[in-house]
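See below for the structure under consideration.
Values in this document were obtained by computation on a predicted structure and should not be read as measured data. By convention in this document, chain letters (A, B, ...) are assigned in the order of the sequence lines, proteins followed by strands, and residues within each chain are numbered from 1. Atom set for the values below is all heavy atoms of this structure, side chains included, hydrogens, waters and symmetry mates excluded.
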There are 2 protein chains.
Amino acid sequence: MTSRPAGTLAQRKRRLVADELTQAALGLLAREGFDAVTVDEIAAAAGVSKRTFFRYFASKEDVVVQFLAEMGAAMRDALASRPAAEPPSTALRHTVWRSIDACAGHADRALPVVQLILGTPALLARFLERQAQWRDELAAEMAERLGLDLTAELYPHLAAGMALTAFQTVLQRWSDSDGTEDPAALTDRSFAVIAPALDAVVRTETSGPGPTSSP
Amino acid sequence: MTSRPAGTLAQRKRRLVADELTQAALGLLAREGFDAVTVDEIAAAAGVSKRTFFRYFASKEDVVVQFLAEMGAAMRDALASRPAAEPPSTALRHTVWRSIDACAGHADRALPVVQLILGTPALLARFLERQAQWRDELAAEMAERLGLDLTAELYPHLAAGMALTAFQTVLQRWSDSDGTEDPAALTDRSFAVIAPALDAVVRTETSGPGPTSSP
DNA sequence: GCCTTGCGTGTCACCAAGTGTCAAGTATGG
DNA sequence: CCATACTTGACACTTGGTGACACGCAAGGC
């Protein structure tokens, strides 16, 4: 009863501490830079001990990257919810748009974080690592969508990779332009470039040796 | 005089120590796993101190990733040396093939390293970070090749990203199959998929609003 | 032959990221 | 009131990585 917010009381308390930690970390890191802030400082700013910090986040990088963690699940959901008959380029465009839009929606909070990530090698590395997981997940979803064998075909992984390349390109431009450029336009332009490959599924993989030869 | 091998004597000595360190590290890491080996052990195995290790490599990850560092330069060189009239898909296929071939060439040494990298989150992250740099370099080269404005157009970054997606996909398959699958065939198949996008440069970016609309 | 200069290395001290352990605090249930 | 489970803080410890200093050794000038 009275479970209005979400889950048990203990879970809500845990969420509270996590939010406090994230808030403190994001503020300090964006202002001072990733290497200039220690975990002790973040913990102190949130009013907990260093040990407790590591009970909530696996690493200092995680505080920032986990802030974008739901993006992976969101993308997969978005892809799964697109009509099966839709051409891949359209389905994938909506897929990455789900996350881009989430960023662009509250740019005031998201932009500094994106700039921090893209500008910090250690964070960029973690972000890309996360993207590699998303790629596998999206590839699995694409294979299921199209009834392809994930282990035999290359298309699913390549399609997912191309979509995430577009994602990353848009994010980079948006970050570099300090939020000036329009994410929607960037997304459309990116997918206009990669669409010819995304929508040429049937030919390339099912017909034997194909057109490629002569190294 | 007597500068047969390369550079001065000091430089050759330095190279010798670096090779010894790399050799020791690769052996230990591949056998025991990345986290199970300490820097002290690597240094001891190479007969130097921990401090000296860090005078040669910026981090423990670097020992492994720097082993593939020349790939970036090799790719850029490969792209720069392709005839300007060549279609992008062909030029980029040769570009990534330069590195794939280098791996496949001495698979006995390269395969364990690739498997170590792809199987270790921390190393994968560094590898992807490196790839992000390559992407920018290849994008710059592509822009110059095609006379495009790197800051205005999206195609260069997207094309470079697609090529590297193919690169990563091939490497992944090759690693997963324990070197069984043919890298050349995988490369050709991958580029057959992405070629339609790579070779459709002119239309998408130069002609105004274009075919993309209706979200 | 000696002495200076410079470079590479080892030793030591140090900081920060993580982890294991244990004791103390607090909510729940009998 | 007590027993239990869960969370937290405090402490110690390992490891990655850096700074500072001293030593050894080669090259070159006197």
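Atom CD1 of Ile42(B) is separated from atom P of dG17(D) by 10 Å (rounded to the nearest Å). To the nearest angstrom, C1' of dG16(D) lies 12 Å from CG of Asp35(B). Atom-to-atom, CZ of Phe54(A) to P of dT8(D) comes out at 15 Å; the value is rounded to the nearest Å. Remark: P of dC13(D) and CZ of Arg51(A) are 16 Å apart, rounded to the nearest angstrom. The separation between Arg15(B) atom CZ and dG8(C) atom C1' is 18 Å, rounded to whole Å. For the pair Lys60(A) NZ and dG16(D) C1', the computed distance is 13 Å after rounding to whole Å. At whole-Å resolution of the value, CG in Asp40(A) and C1' in dA10(D) are 12 Å apart. Note: NZ (Lys13(A)) to P (dC6(D)) measures 14 Å, nearest angstrom.
Of the listed nucleotides (dT8(D), dG17(D), dA17(C)), dT8(D) has the atom at the smallest distance from the side chain of Val17(A). Picking from dG17(D), dG10(C), dG18(C) the nucleotide with the shortest atom distance to the side chain of Glu61(B) gives dG17(D).
For the side-chain contact (heavy atoms from CB on, under 4.5 Å) test, residues two or more places apart in sequence or in another chain that qualify with Ala163(B) are Leu92(B), Val96(B), Phe191(B).
The base of dG18(C) lies outside donor-acceptor range of the side chain of Arg55(A), with no N or O pair under 3.5 Å.
A side-chain donor from one of Ser49(B) and Thr52(B) sits under 3.5 Å from a side-chain acceptor of the other.
Side-chain N/O atoms of Thr52(A) include one lying less than 4.0 angstrom from OP1 or OP2 on dG9(D). The shortest distance between the side-chain N/O atoms of Tyr56(B) and the OP1/OP2 oxygens of dT9(C) is below 4.0 Å.
Salt-bridge formation is not detected for the pair Arg98(B)/Asp77(B): no Lys NZ or Arg NE/NH1/NH2 atom is positioned less than 4.0 Å from an Asp or Glu carboxylate oxygen. Remark: Asp62(A) does not engage Arg126(A) in a salt bridge, criterion side-chain N to carboxylate O under 4.0 Å.
Remark: Asp182(A) CG to Trp174(A) CH2 distance equals 11.0 Å, nearest 0.5 Å.
Nucleic acid contact class of Phe57(B) (heavy atoms, under 4.0 Å, all strands): none. Contacts of Lys50(A) with the nucleic acid, taken as non-hydrogen atoms under 4.0 Å apart, include base atoms.
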